[in-house]
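Worksheet: the structure to be examined is printed underneath.
Residue numbering restarts at 1 for every chain, and letters A, B, ... go by the order of the sequence lines. Everything numeric here is computed off the predicted structure, so don't read it as measured data.
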Protein chains: 2
Amino acid sequence: MTLLEQAKKGIITEDMRIVAKDENREVEWLKDEIAAGHIVIPKNIRRRRDFHPVGIGNKLRTKINANIGTSPDHFDTKEELEKLKVSVAYGSDSVMDLSTGGDLSKIRKAIIHQSPVMVGTVPIYQVAAELLEKDHDIIEMSADQLFDSIEKQCDEGVDYITVHCGITKKAVDAMKKQPRLLGVVSRGGSLLIKWMKIHKKENPLYEYYDRLLDIAYKYDVTLSLGDGLRPGCLADASDAGQFQELITLGELQQGAIKANVQSMIEGPGHIPLHQIEANVRLQKSLCHGAPFYVLGPITTDIAPGYDHITSAIGGTLAAYYGADFLCYVTPSEHLCLPTKDDVREGVIAAKIAAHSADIANGIPGSMDRDNRISKFRSELNWEGQYKTSLDPLLAKKRRKASEDFSEDVCTMCGKLCAIKTSKS
Amino acid sequence: MTLLEQAKKGIITEDMRIVAKDENREVEWLKDEIAAGHIVIPKNIRRRRDFHPVGIGNKLRTKINANIGTSPDHFDTKEELEKLKVSVAYGSDSVMDLSTGGDLSKIRKAIIHQSPVMVGTVPIYQVAAELLEKDHDIIEMSADQLFDSIEKQCDEGVDYITVHCGITKKAVDAMKKQPRLLGVVSRGGSLLIKWMKIHKKENPLYEYYDRLLDIAYKYDVTLSLGDGLRPGCLADASDAGQFQELITLGELQQGAIKANVQSMIEGPGHIPLHQIEANVRLQKSLCHGAPFYVLGPITTDIAPGYDHITSAIGGTLAAYYGADFLCYVTPSEHLCLPTKDDVREGVIAAKIAAHSADIANGIPGSMDRDNRISKFRSELNWEGQYKTSLDPLLAKKRRKASEDFSEDVCTMCGKLCAIKTSKS
């Protein structure tokens, strides 16, 4: 039985108990929220017993994900495993292996094996990458090939998969009727749309959705229903294509619940600040309270090199209004594959966003760490401040690098430190 | 006649015309908003004719400020002048010279002379720094000494000054009745409170406010009414001390208008996300629509080393709800005096916040640059993207550093670039 099936039958599992305890919630309530599809605990049946389950969804602490993985232009398994370590060390609750270059199965297996946190993938990437390697195009993909790749990845142990099931002919038509500045920016989305256009067929992930549900059920893999038509710039935000797809995702989410398969909904992307609340509220309404997994959103297009900041702004707002799961964006977004340092900066920016929103939403215990560091500040206790901060190494290094500082203060104010003055 | 005096008399000046043109507003409307105290154009009468005036306030583009200046532990005039250059190059509308170490007059004069943007100071810093240098304490300050220092700095040409006039006995009492975790974190505030406590006297900036208004009037210097009791941690946000001071600042703002002196109101600091709207709306209400100048606010205390991000989050929200002027926070906040690189990162983070809010508020033309870069993205025109971004050098360097990239795409997706797939 899948976790959702058990929840629907009123069975409380060990994983539910662990998550309820971690979140300071009643396990009965948690079970009901899982049964309603408002909370998911992504965990493949292949996971070892000691894998620590994490819940995503309604009224839980906001979770964050770090995208790692190779590209056709740059692949180095060791480097990706180091990014995995960095992601986890700085507090990511999940990683997605988005590899599209090198030996994809080998990289994925290594990441799943070494990751103490849930692992997600986008199975169509492997199909596309393998076709590309043989100089073939995505249009040569068969539906069987796609589902075989999905089953292979589930069998290898991924905990959740992004599947762009909501890209239908209807959604693509809606998008075309309200023309876009930047078109389609989802890799998976663009591949499927190209395939659909050439073959004049419906999206196989939509047409054979039951087949997908069967695979997901078999391994208890959570579906992350992808937003292939997400806006790639502010000008394209909240348009007909995006919401036509979201309406379909809401229907598919209901199908998943019936099939005892957990699911969450992916969201954009590039959204101006004043549209973020509407985007979250509409997702919650159209998708029956399903967990909302957003990429960013970034609130301006003009900051390549600083999109960990633009996404922290949008992500905080999104989480405040109800988004449950933030996919980080790194400083390298729109420019290149992230380095290890980019991964650290991306994870910390997403963590800041999630944490700021949790405080604003009154998530129990969320302000404890802030109060601890503030007490250390009032005591001018620097070691205490370092160890309570999100990046103790950096904080210590920064203060120490500033020459001539006095023992108890820092070079910002020196002897004119307000806290020192107040104590004197 | 000061600018405010002219506005009240219905006179339209050249500076009003320039600002109205820059902001795409009617000059008559601008004049009325200045007369009402809703908009200020900080500019000392000593400024040369070619100094470009900038407006701050209601319905204008959100402006940003960069704090530069030495500390008792670290002073190097050349370095500060480089920080000035960086601030202006990356788009700061203002700098504040907060120097407290080295030859303060020399540094300040150099900054005023070289700055193409408005310059602000906190005059009490010089009094405190000079006493400290002679191993004396702030309690030895006389009211005359403080006002002489203020006049000296106005005579040297500063465009606006932070004066903590709202720290009254009543405000300090209110603060004590609702005890704080971190107490007073404003340097100027802590100095004045110490002075008041030892001398058992009212704050001279409050008691002799008319004397301050006379000086400001003489040089047409804008008062930035400081928030000495601003919260220094989330736990202390929005408390009695903070709002007792703000009530007084609202009264003093009315006094400034009567005296034909422009003024704006400073705001916190550390505020949890869900209290930002209330803080802005209350400032606007208690202070009669005066321009609101906020430091941050930062939305969590646990991110030293990343407070340009925490403040970009809070600053965006604050500006969205009506804050007019954002003081940057750099990655070095809470740790050390900022370096030149910190200044760049701080300015860009504040710029992102201001710009994101302006788009959300529908400020005319604010999305033009976003639409330009999005068009370049759709064309895979990289040079166009660099030149339209907030940091062209960094964007170009980042993409170029990523080896093996193909001509038209980047190493993020390589040949699987969604934009490329959509075109094929």
Side-chain angles (χ1 to χ4, degrees), chain A residues 71-74 100 181-187 190 194 233-235 272-274 299-306 309-310 312-313 316 320 335-337 348-349 352 355-356 359-360 369-371 373-374 378 389-391 394-395 398-399 402 404-405 410-416 418 421-422, chain B residues 71-74 100 181-187 190 194 233-235 272-274 299-306 309-310 312-313 316 320 335-337 348-349 352 355-356 359-360 369-371 373-374 378 389-391 394-395 398-399 402 404-405 410-416 418 421-422:
Chain A
S71 85
D73 285 349
H74 186 96
T100 53
L181 182 53
L182 195 43
V184 176
V185 297
S186 151
R187 262 185 288 183
S190 65
K194 186 174 180 187
C233 64
L234 298 191
L273 195 78
H274 63 295
T299 56
T300 170
D301 304 318
I302 64 171
Y306 299 86
I309 300 178
T310 58
I313 294 168
T316 307
Y320 178 52
L335 294 170
C336 55
L337 204 66
I348 286 183
I352 287 170
H355 182 71
S356 296
I359 289 170
R369 192 167 169 186
D370 296 72
N371 292 344
I373 201 169
S374 299
S378 77
S389 70
L390 285 177
D391 190 347
L394 180 86
R398 285 303 310 266
R399 177 163 175 261
S402 190
D404 303 329
F405 68 91
C410 79
T411 52
M412 183 75 153
C413 307
K415 287 178 183 155
L416 291 175
T421 302
S422 297
Chain B
S71 85
D73 286 349
H74 186 97
T100 54
L181 181 53
L182 193 45
V184 175
V185 297
S186 151
R187 263 185 287 183
S190 66
K194 186 176 180 188
C233 64
L234 298 191
L273 196 78
H274 62 296
T299 56
T300 170
D301 303 319
I302 64 170
Y306 299 86
I309 300 178
T310 59
I313 294 168
T316 308
Y320 178 52
L335 294 170
C336 54
L337 203 66
I348 286 181
I352 287 170
H355 182 71
S356 297
I359 289 170
R369 192 167 167 184
D370 295 72
N371 292 344
I373 201 170
S374 300
S378 77
S389 71
L390 286 177
D391 190 347
L394 181 86
R398 284 304 310 268
R399 175 163 177 262
S402 189
D404 303 329
F405 67 91
C410 79
T411 52
M412 182 75 154
C413 307
K415 284 178 186 156
L416 292 174
T421 302
S422 297

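- Proximity to chain B (any heavy atom under 4.5 Å) is shown, for A/Thr316, by both the backbone and the side chain.
- Remark: the backbone N or O of A/Gly414 is not paired with any side-chain donor or acceptor of B/Ser71 at under 3.5 angstrom.
- Using a 4.5 Å cut-off on side-chain heavy atoms (C-beta onward), B/Leu335 and A/Cys410 make no contact.
- Ranked by heavy-atom pairs under 4.5 Å with chain B, the list A/Ile309, A/Thr100, A/Thr310, A/Ile313 is led by A/Ile313.
- The CG atom of A/Asp301 sits 7.5 Å away from the NE2 atom of B/His355 when rounded to the nearest 0.5 Å.
- Both the backbone and the side chain of A/Leu182 come within contact range of chain B, judged by heavy atoms closer than 4.5 Å.
- Per-residue heavy-atom pair counts under 4.5 Å with chain B were compared for A/Ser389, A/Ser190, A/Ser422, A/Cys336, and the maximum is reached by A/Cys336.
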Inset, instruction - Given side chain to side chain contact (heavy atoms under 4.5 Å, CB included), test A/Leu390 with B/Tyr306 step by step and report yes or no. - result: CA-CA 9 Å; A/Leu390 285 177; B/Tyr306 299 86; 5.5 Å; no

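- The contact between B/Leu416 and chain A is made by backbone and side chain atoms together, counting heavy-atom distances below 4.5 Å.
- A donor-acceptor distance shorter than 3.5 angstrom exists from the side chain of B/Thr411 to the backbone of A/Leu337, with no hydrogens or angles considered.
- For the options A/Ala395, A/Gly305, A/Pro72, heavy-atom pairs under 4.5 Å to chain B are most numerous at A/Ala395.
- Rounded to the nearest 0.5 angstrom, B/Thr300 OG1 and A/Ile359 CD1 are separated by 4.5 Å.
- Here A/Pro304 is the residue among A/Gly183, A/Pro304, A/Cys233 with the most heavy-atom pairs under 4.5 Å with chain B.
- A side chain to side chain contact (heavy atoms under 4.5 Å, CB included) with B/Asp370 is found for exactly one of A/Ile302, A/Thr299, A/Leu181, namely A/Ile302.
- Top candidate by heavy-atom pairs under 4.5 Å with chain B, chosen from A/Ser356, A/Pro272, A/Ser378, is A/Ser356.
- Looking at B/Ile348, the atoms closer than 4.5 Å to chain A (heavy atoms on both sides) all sit in the side chain, from C-beta outward.
- B/Cys413 and A/Arg187 get closest at one heavy-atom pair: SG-NE, 3.4 Å.
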